[in-house]
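Numbered from 1 within each chain, the chains take letters A, B, ... in sequence-line order. When reading the values below, keep in mind they use all heavy atoms of this one structure, side chains included, and skip hydrogens, waters and symmetry mates.
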There are 2 protein chains.
Amino acid sequence: MARAATTSDVFNAIAEPQRREILVLLRAGERPVTELAQELRMTQPGASKHLRVLREVGLVRDRKAGKQRLYGLDARELRPVHDWIGGFERFWNESFNRLDEYVQNLKQARQEE
Amino acid sequence: MARAATTSDVFNAIAEPQRREILVLLRAGERPVTELAQELRMTQPGASKHLRVLREVGLVRDRKAGKQRLYGLDARELRPVHDWIGGFERFWNESFNRLDEYVQNLKQARQEE
DNA sequence: CAATTATATTCCGATATCGGCATGTGTCAA
DNA sequence: TTGACACATGCCGATATCGGAATATAATTG
């Protein structure tokens with residue numbers, strides 16, 4: 001064994017900044033590859049590769065439109081990710097400033113587990 | 001240039017399955033490294049390394065407790081991620097089954113942009 | 001068919017990642 | 001000080017990633 005799972009998993013797909021930008025752009029509607037590449041200042045092969053990853057994890061759909069290939073958003077796979085992170089919602093509301101931390105330290109110093 | 005940004009970015013930190021498991025465990029409260037390693041069936045160095053990444057992106061805090069080092073959750077950095085993904089919420093509710101897709105194709109075939 | 005345009009794929013180099021193992025550092029206790 | 005724990009770090013191998021350049025494939029047009 002060497003490296004754990006990678007792409008082909010939504011968490012990983014959206015870990016790439018350029019892929020996130022692509023997804024954002026696609027909210028405005030379907031776009032051909034070249035247009036995406038241009039707007040995001042990346043090469044055409046670069047865009048194609050990122051789109052491939054996004055397609056493999058199901059975040060985008062593509063359909064032929066003559067010479068072009070239009071890519072469109074399919075955000076359904078983002079829901080589970082959103083839900084997973086949502087499971088921490090109540091924790092990021094807890095204040096973690098120095099004062100609270102100090103108090104917590106005192107409390108937790110006594111209560112194991 | 002070779003590889004874009006990596007760790008030291010929350011999206012990437014949570015792209016690792018084991019790191020996600022650690023975060024989930026920490027919702028129950030602070031834990032020492034060895035305990036985490038045991039429950040997640042990973043080696044101690046393995047756990048330490050993942051915790052380091054999580055600490056560097058700010059997702060966990062650590063404090064010394066005698067011989068041990070207790071790691072605790074600090075979920076604040078998850079909020080922006082949650083928000084970013086939330087920006088797609090209205091899209092994953094759109095139905096994308098074959099019928100709708102067919103209809104959309106017809107519509108979008110005529111309306112450029 | 002040839003030429004053109006749009007996109008995908010392949011090959012490459014540089015680099016990062018993860019896991020394993022060994023070893024370092026720090027803390028407590030006798 | 002010497003052990004015994006708890007944890008961190010370093011080094012290594014295998015592999016994946018991203019970006020770039022060149023090339024292949026597909027569809028359109030003349």
Side-chain angles (χ1 to χ4, degrees), chain A residues 1-23 25-26 30-57 59-72 108-109 112-113, chain B residues 1-23 25-26 30-57 59-72 109 112:
Chain A
M1 260 166 282
R3 195 180 199 172
T6 66
T7 293
S8 284
D9 136 59
V10 180
F11 278 96
N12 220 294
I14 63 172
E16 230 291 326
Q18 310 224 59
R19 285 195 287 261
R20 287 201 295 276
E21 295 188 61
I22 290 178
L23 293 177
L25 261 187
L26 290 181
E30 289 183 315
R31 293 275 168 85
V33 179
T34 308
E35 207 174 301
L36 290 170
Q38 242 177 343
E39 297 197 38
L40 298 176
R41 297 170 163 263
M42 51 176 95
T43 65
Q44 174 267 310
S48 276
K49 284 178 202 166
H50 283 311
L51 286 166
R52 183 167 152 78
V53 173
L54 292 172
R55 189 194 334 133
E56 283 174 351
V57 302
L59 286 174
V60 302
R61 297 283 187 83
D62 64 305
R63 66 183 178 88
K64 287 188 286 187
K67 220 181 301 189
Q68 310 192 114
R69 181 167 287 269
L70 297 182
Y71 280 88
Q108 290 170 343
E112 261 311 78
E113 156 82 21
Chain B
M1 262 165 282
R3 194 180 199 172
T6 67
T7 293
S8 285
D9 136 59
V10 180
F11 279 97
N12 219 296
I14 64 173
E16 230 291 326
Q18 310 224 59
R19 285 195 287 261
R20 287 201 295 276
E21 295 189 60
I22 290 178
L23 293 177
L25 261 187
L26 290 182
E30 288 183 316
R31 291 276 167 85
V33 178
T34 308
E35 207 175 300
L36 289 171
Q38 243 177 342
E39 296 196 39
L40 297 176
R41 295 169 165 264
M42 52 177 96
T43 64
Q44 174 267 310
S48 277
K49 284 177 201 168
H50 283 311
L51 286 165
R52 184 167 151 79
V53 173
L54 293 172
R55 191 194 331 135
E56 284 173 351
V57 301
L59 286 174
V60 302
R61 297 285 187 84
D62 64 305
R63 65 184 178 88
K64 285 188 286 187
K67 221 181 299 189
Q68 310 192 115
R69 181 166 286 270
L70 297 182
Y71 279 88
E112 261 311 80

- Query: C:dA6 P sits how many Å from A:Arg63 CZ, rounded?
  - Reply: 17 Å
Nucleotide N/O of nucleotides 27-30 of chain C paired with protein N/O under 3.5 Å:
from   : atom 1 : to      : atom 2 : distance (Å)
C:dT27 : OP1    : B:Lys64 : NZ     : 3.3

- Query: Just how far, in rounded Å, is P of C:dA6 from CD of A:Glu35?
  - Reply: 11 Å
- Task: Can you tell me the distance, in whole Å, between the CG atom of B:Leu51 and the P atom of C:dC18?
- Result: 13 Å
- Message: Test your reading of the model: is there a side-chain donor-acceptor pair from B:Arg19 to the backbone of B:Ala13, 3.5 Å cut-off?
- Response: yes
- Task: Using a cut-off of strictly less than 4.0 Å between a heavy atom of the residue and any atom of DNA chain C, enumerate the qualifying residues of residues 41-50 of chain B by number.
- Result: B:Thr43, B:Pro45, B:Lys49, B:His50
- Item | B:Glu16 (side chain) donor-acceptor with B:Gln18 (main chain) under 3.5 angstrom | yes
- Between A:Arg52 and C:dT9, is there a side-chain N or O to OP1/OP2 distance below 4.0 Å? yes
- Under 4.0 Å between a side-chain N or O of A:Arg19 and OP1 or OP2 of D:dC18? yes
- Item | Proximal nucleotide (of D:dC18, C:dA8, D:dT9) relative to the A:Glu16 side chain | D:dC18
- In whole angstroms, the gap separating P of C:dG26 from CZ of B:Arg69 amounts to 11 Å
- Note on the structure: Rounded to whole Å, the CG-P distance (A:Leu40 to D:dC18) equals 15 Å
- Rounded interatomic separation in angstrom, taking CD from B:Gln68 and P from D:dA4: 19 Å
- Query: For D:dA6, does either OP1 or OP2 sit under 4.0 Å from a side-chain N or O belonging to B:Tyr71?
  - Reply: no
- Donor-acceptor pair, A:Arg20 side chain versus A:Ile14 backbone, under 3.5 Å? yes
- Message: Taking salt bridge (charged side-chain N to carboxylate O under 4.0 Å, His left out) as the definition, give me every residue that meets it alongside B:Glu39, ordered by chain and number, with sequence neighbours left out.
- Response: B:Arg31
- Return the set of residues passing side-chain hydrogen bond (donor to acceptor under 3.5 Å, both in side chains) with B:Arg55 (not counting sequence neighbours), or none when no residue passes. B:Tyr71
- Query: Picking from B:Gln68, B:Arg63, B:Arg61, what satisfies side chain to side chain donor-acceptor pair (under 3.5 Å) with B:Glu30?
  - Reply: B:Arg63
- side-chain hydrogen bond (donor to acceptor under 3.5 Å, both in side chains) against A:Gln38, all qualifying residues, sequence neighbours excluded: none
- Among the nucleotides C:dT9, C:dA8, D:dC7, whichever has the atom closest to the side chain of A:Val33 is C:dA8
- For atom CG of B:Asp62 and atom P of D:dA6, their distance in whole Å: 17 Å
- Message: The criterion is salt bridge (charged side-chain N to carboxylate O under 4.0 Å, His left out); which residues satisfy it with A:Arg69, sequence neighbours excluded?
- Response: A:Asp62
- Message: Is A:Gln18 close enough to D:dG19 that one of its side-chain N or O atoms is under 4.0 Å from OP1 or OP2 there?
- Response: yes
- Query: Side chains of A:Leu36 and A:Leu26: does their closest heavy-atom pair fall under 4.5 Å?
  - Reply: yes
- Whole angstrom is fine here: how far is it from CG in B:Asp9 over to P in D:dT17? 16 Å
